[in-house]
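Here is the structure we will look at.
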2 protein chains.
Amino acid sequence: MTTIHEVAQYAQVSIATVSRYLNDTAGVRPETGRRVREAIAALDFQPNQIGRSLKTASTRALGIVIPSLENPVFAQAVSGFDAAARRRGYSVMMTTSEYDQHREIEAVETLLRYQVDGLALTATRSDAPVVRERLAANRAPYTLIYNEPTPDERAVVTVDNAAAAAVAAEHLVELGHRRLAMITGRLAESDRASRRRDGFVGAIARLGLPAPQVREVDFSARDVRPVLEQLLGTPATRPTALFCSNDRLAIAVIGAANRMGLRVPRDISVVGFDGIDLAREFVPSLTTVVQPSYDIGYAAAKAMLDRRAGQDPTMPVILPFSLRIGESTAPLGQDGPTTPRPVCPPQSNEAML
Amino acid sequence: MTTIHEVAQYAQVSIATVSRYLNDTAGVRPETGRRVREAIAALDFQPNQIGRSLKTASTRALGIVIPSLENPVFAQAVSGFDAAARRRGYSVMMTTSEYDQHREIEAVETLLRYQVDGLALTATRSDAPVVRERLAANRAPYTLIYNEPTPDERAVVTVDNAAAAAVAAEHLVELGHRRLAMITGRLAESDRASRRRDGFVGAIARLGLPAPQVREVDFSARDVRPVLEQLLGTPATRPTALFCSNDRLAIAVIGAANRMGLRVPRDISVVGFDGIDLAREFVPSLTTVVQPSYDIGYAAAKAMLDRRAGQDPTMPVILPFSLRIGESTAPLGQDGPTTPRPVCPPQSNEAML
DNA sequence: GTGAAAGCGCTAACAC
DNA sequence: GTGTTAGCGCTTTCAC
């Protein structure tokens, strides 16, 4: 590896001058600059960021810990995070926690050992104290993403999950549905899911309708069919519309319904949550609450970088969601759009709230 | 930040002893070890990886550059890469090139500046010399992932794209289709797509059938409808089956077909490439050539880490693909599985080749 | 078994 | 405008 020392030697200057040239601090005489430039080119020199980091106590790297990359929601968030970091000349270290609390702590500690200048994290539950202590004790700014803001927590970028779930409920009720139900991932493992449940149940109560049944399924459940059969088993209490705590679940539910001989939305309406891209292309296209995942990642990186620059005090950032109306919901007793479907792009259905 | 120095002071030992304790090199007397352990706990000390890296010339970090995280294929590869790295105590730095050659080079240079101990990259085209030079000039091992092996390139983890595309062609022909076509992303921007085209066209030629039409679409094409209309416009030459160079495209194509009033597979069969998870849940579920994306990422990290350990010389790693038969393909003139669909899990249709 | 000291590659005072 | 030098946090000889 070529070092700054060799460059200095080749260019017949001191290493300080090379450093000044590289960082554009203090004036380097044009002629000297040229010699340094030639030396760098000749030796194919790239400054060692490790040496630089040790001295400056800044790695110009940001860390991000998410539950999983297999969920497009988080992949998109990382995408936005990377874009925002890159824009300001930062790099990103990333790892996944696999929805495991131990792994989550371990991941945070690892990234902190690498001296990242900021750290974004989707905690299993934002009220779990362990991780937050680790984070708070550290010099680096951190931001919780997707997590529910807690009263004492000011560093968080998310959407209002309760309000968003309420909108899903209202949409279904407007379509005439009265018996609703929710299928959700494990509530204990996700404060987001809990809040969505609360918002959904609360909205239905406010509308004076009977409380919805809520069914938890394992997050990785490949087969939601048993849950669905149980839910739809009793004709008297059979729901006519389902709210799913995320899009993957909603898609799995529609698939299972199909295999059970049910048609969506004719026999049952389904609403998802997340707004993943592919859900648009589904048949039927999914009605879903869209959260701006790319923006969440982007805002998290931006917030931490701004904070470093000492701009303003930390505040929770609550990003807007929207309801994207697709073909998986229809008025009670109707079969939704007929085939062939409308030609208009589904985007135009998007309603900003 | 607490340093090793403070720990040493607190424990009344030298920093060398603390270092020995941390790295478990040389024997530290149990009693001394206890004091150090207490000091570490009391001060909440975490070793600074930057200092460590500078001294040892190893960051214990791996880098990965992929075109985009929005494509589940690459997200899964990163997931596997992260898992393999983590297993051996390595961390990962990640960034995306957004299918841009300049950005690709920049990304590689950035990660190299961070002194990553290995670098995985999906190059736009593996035969583009620029990046490979950069990589070859460096001390760190690298691996191309997804890219087509070139004669002189030994560090690559991928599948046999040509053979895989041929299997797609054979599947369609077996079903009785004779007029085939392919819709692909920009060939100039992806050596994978080029190879798949070659494999598809070649297989059809070998089978003695008329050459398929091949249409390129922009990678980000939200609307493939015009292409589809053009392709299906002439009844005499109208293909009865389509091969798409990736699953997202295939899904978009099925969506567009639906909106045009066509039914898949009744009116036209569609085969994808990639094997993304959600494609299973689609209605109709997608017939697709599955590449083991997680394994590709995993193998890439593992290969570089093994190589560091000086095990064996670099060899191209060609991972097996498989054809997953879904509901989007059917015998010519038939409407595929009837509704309701079979109850058996789609996994059981998977044929290992 | 433990300590003293050199030095990894770089930046930033401080001299001149 | 440029050189000299100290030192960031750590590991690793080399002594003892």
Side-chain angles (χ1 to χ4, degrees), chain A residues 1-37 39-40 43-61 89 109-110 112-117 138-140, chain B residues 1-37 39-40 43-61 89 109-110 112-117 138-140:
Chain A
M1 196 186 42
T2 25
T3 72
I4 199 175
H5 205 94
E6 303 170 60
V7 174
Q9 201 166 317
Y10 189 102
Q12 305 274 41
V13 296
S14 74
I15 58 168
T17 299
V18 178
S19 176
R20 289 190 188 103
Y21 172 84
L22 290 170
N23 297 291
D24 202 22
T25 65
V28 174
R29 200 193 306 160
E31 159 61 12
T32 315
R34 193 184 51 70
R35 286 221 313 281
V36 173
R37 187 163 40 251
I40 289 175
L43 302 174
D44 197 22
F45 169 74
Q46 290 278 99
N48 182 326
Q49 179 62 37
I50 300 298
R52 191 175 273 186
S53 297
L54 188 57
K55 178 66 189 177
T56 60
S58 162
T59 51
R60 297 190 74 78
E109 291 187 336
T110 300
L112 256 21
R113 270 202 295 276
Y114 276 95
Q115 310 295 116
V116 290
D117 290 344
N138 201 272
R139 53 157 191 70
Chain B
M1 197 184 43
T2 348
T3 72
I4 199 174
H5 206 94
E6 302 169 60
V7 174
Q9 201 166 316
Y10 188 102
Q12 304 274 40
V13 296
S14 74
I15 58 169
T17 299
V18 178
S19 175
R20 289 190 188 103
Y21 172 83
L22 289 170
N23 298 290
D24 201 23
T25 65
V28 174
R29 200 192 306 160
E31 159 61 12
T32 314
R34 194 184 52 70
R35 287 221 313 282
V36 173
R37 188 164 39 252
I40 289 175
L43 301 175
D44 197 22
F45 169 74
Q46 291 279 98
N48 182 323
Q49 179 63 37
I50 302 298
R52 191 174 271 187
S53 298
L54 188 56
K55 181 63 190 178
T56 61
S58 162
T59 51
R60 296 190 74 78
E109 291 188 335
T110 300
L112 257 20
R113 271 202 296 274
Y114 276 94
Q115 311 294 120
V116 289
D117 290 343
N138 200 273
R139 54 157 190 70

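Remember, predicted model here, so these are calculated numbers, not experimental data. Naming: A, B, ... by sequence-line order, numbering from 1 per chain. Only this structure's heavy atoms are used, side chains among them; waters, hydrogens and symmetry mates stay out.
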From CA spacing to verdict: side-chain contact (heavy atoms from CB on, under 4.5 Å), A:Leu22, A:Phe45: CA-CA 11 Å; A:Leu22 290 170; A:Phe45 169 74; 3.8 Å; yes
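Donor-acceptor pairing under 3.5 Å is lacking for the side chains of B:Thr2 and B:Glu6.
To the nearest 0.5 Å, atom OG1 of residue A:Thr110 and atom CZ of residue B:Arg60 are 11.0 Å apart. The CD atom of A:Gln115 lies 10.0 Å from the OG atom of B:Ser53; values are rounded to the nearest 0.5 Å.
Rounding to whole angstrom units, CZ of residue B:Arg60 and P of D:dC10 are separated by 16 Å. A straight line from CD1 of A:Ile50 to P of D:dC10 spans 14 Å, rounded to a whole angstrom. Straight-line distance from the CE atom of B:Met1 to the C1' atom of D:dC10: 11 Å, rounded to whole Å. Separating the CD atom of B:Gln115 from the P atom of C:dG9 is a distance of 9 Å, rounded to the nearest angstrom. Summarising the geometry, the separation between OH on B:Tyr21 and P on D:dT12 is reported as 18 Å, rounded to the nearest angstrom. A straight line from CG of A:Asp24 to C1' of D:dG1 spans 14 Å, rounded to a whole angstrom. One can place CG of A:Leu54 at 17 Å from P of C:dG7, the figure rounded to the nearest angstrom.
With hydrogens and angles disregarded, a donor-acceptor distance shorter than 3.5 Å links the side chain of B:Gln49 to the backbone of B:Thr59. Not a single donor-acceptor pair under 3.5 Å links the side chain of A:Asn23 to the backbone N or O of A:Thr25. The main-chain N or O of A:Arg52 is found under 3.5 Å from a side-chain atom of A:Thr56 such that the two form a donor-acceptor pair. For the pair B:Arg35 (side chain) and B:Ala11 (backbone), a donor-acceptor distance under 3.5 Å is present.
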B/S/- contact track for nucleotides 10-16 of chain C, protein heavy atom under 4.0 Å: BBBB---
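The stretch residues 28-35 of chain A comes close to DNA chain D through A:Val28, A:Arg29, A:Thr32, each having a heavy atom under 4.0 Å from the strand.
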